[in-house]
Amino acid sequence: MNVTPKFAAKGYASPAAGYALVPTYVLIWTLVTSPLLVLGGIAGKKRKAEFQAPCRTTMYSREIPLLPWYRGTVSQMAMAGFLPFCAIYIQLYYIFASVWGHRIYTIYSILFTVFIILLIVTAFITVALTYSQLAAEEHEWWRR
C-alpha cells in the first residue's frame, strides 16, 4: 500500500522542491568540492615526479601531414551527432506522435531499451572517433 498520496493529499508532503532547496544543494556541493580540490592540488604537487615517456622520443620535430576532409572537425562532429540520433529517431517519432496526436505513449520498456542502445552507441562513437584522431597522429586531438 502506497502511503505517499495520502500524506500529499493532507498537506504533509509536497512533490515539488522549494526554492530554498536549490541554493542549499549548491552550498553543500561547494563546501564539499572546494576543499577536495585544494587537497588534491596539494597532494599532486607534493608527488610531482620527472616525466618518463612510455616510448622512445626524439628531440627533432617532423612535419605533420594535412588531414583528409573526413577527418576534420566539422565532419567528425556531424558523425558524432548523426549516428546516435539515428539510433533513437524511431522512438522520437512515436513520442512526438503521441504528444501531438493526444494519444497515450505505452511502450516505456522499449523506450528504456532504446535509451540503453543510445548510451552504448554514443560510447562506441566516442571511442572510435578518439582512436581515429590518435591513429592519424593529430597533435590537436584533445582540443575537440
Side-chain angles (χ1 to χ4, degrees), residues 1-9 11-57 61-144:
M1 184 170 144
N2 193 357
V3 295
T4 306
K6 290 180 183 178
F7 283 117
Y12 296 126
S14 173
Y19 289 113
L21 199 58
V22 174
T24 305
Y25 285 152
V26 170
L27 181 68
I28 290 171
W29 178 72
T30 305
L31 292 176
V32 169
T33 58
S34 297
L36 289 176
L37 176 70
V38 171
L39 290 175
I42 292 170
K45 188 174 182 181
K46 287 184 178 181
R47 294 186 185 187
K48 188 168 87 172
E50 186 65 31
F51 175 71
Q52 304 254 340
C55 60
R56 188 174 51 121
T57 58
S61 61
R62 63 180 181 90
E63 182 180 350
I64 298 172
L66 292 175
L67 296 174
W69 66 271
Y70 55 86
R71 289 205 170 169
T73 304
V74 175
S75 61
Q76 287 193 351
M77 284 171 42
M79 267 194 297
F82 181 71
L83 293 174
F85 177 75
C86 289
I88 202 160
Y89 175 73
I90 299 298
Q91 287 303 313
L92 283 175
Y93 170 76
Y94 287 124
I95 290 170
F96 289 146
S98 68
V99 168
W100 292 329
H102 304 290
R103 289 186 236 134
I104 298 174
Y105 185 76
T106 57
I107 45 179
Y108 293 109
S109 61
I110 295 175
L111 180 65
F112 180 71
T113 306
V114 171
F115 176 69
I116 298 299
I117 291 172
L118 174 71
L119 292 179
I120 292 169
V121 167
T122 304
F124 283 168
I125 292 296
T126 303
V127 169
L129 290 178
T130 303
Y131 175 77
S132 171
Q133 292 172 8
L134 289 174
E137 297 181 6
E138 183 183 355
H139 65 285
E140 294 182 350
W141 70 272
W142 51 273
R143 290 188 186 177
R144 293 186 187 190

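- In terms of modelled atom types and a separation under 3.5 Å, the side chain of Ser132 and the main chain of Ala128 share no donor-acceptor contact.
- Residues that satisfy the ring-ring contact (aromatic ring centres under 6.0 Å, His included) test with Phe85, not counting sequence neighbours, are Tyr89.
- No side-chain heavy atom of Leu83 sits under 4.5 Å from any side-chain heavy atom of Thr122.
- With hydrogens and angles ignored, the 3.5 Å screen pairs no side-chain donor or acceptor of Thr130 with any backbone N or O of Val127.
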Would Val121 and Ile88 satisfy side chain to side chain contact (heavy atoms under 4.5 Å, CB included), going step by step from the backbone distance to the final call?
CA-CA 10 Å; Val121 167; Ile88 202 160; over 6 Å; no
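- Scanning both residues, Ala80 and Pro84, for their nearest heavy atoms gives O-CD, 3.1 Å.
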Side-chain polar contacts of residues 23-36 - donor-acceptor pairs under 3.5 angstrom, sequence neighbours left out - could you list them?
from, atom 1, to, atom 2, distance (Å)
Thr24, OG1, Ala20, O, 2.7
Thr30, OG1, Val26, O, 2.8
Thr33, OG1, Trp29, O, 2.8
Ser34, OG, Thr30, O, 3.0

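- Atom CD of Gln76 sits about 10.5 Å away from atom CD1 of Ile125, to the nearest 0.5 Å.
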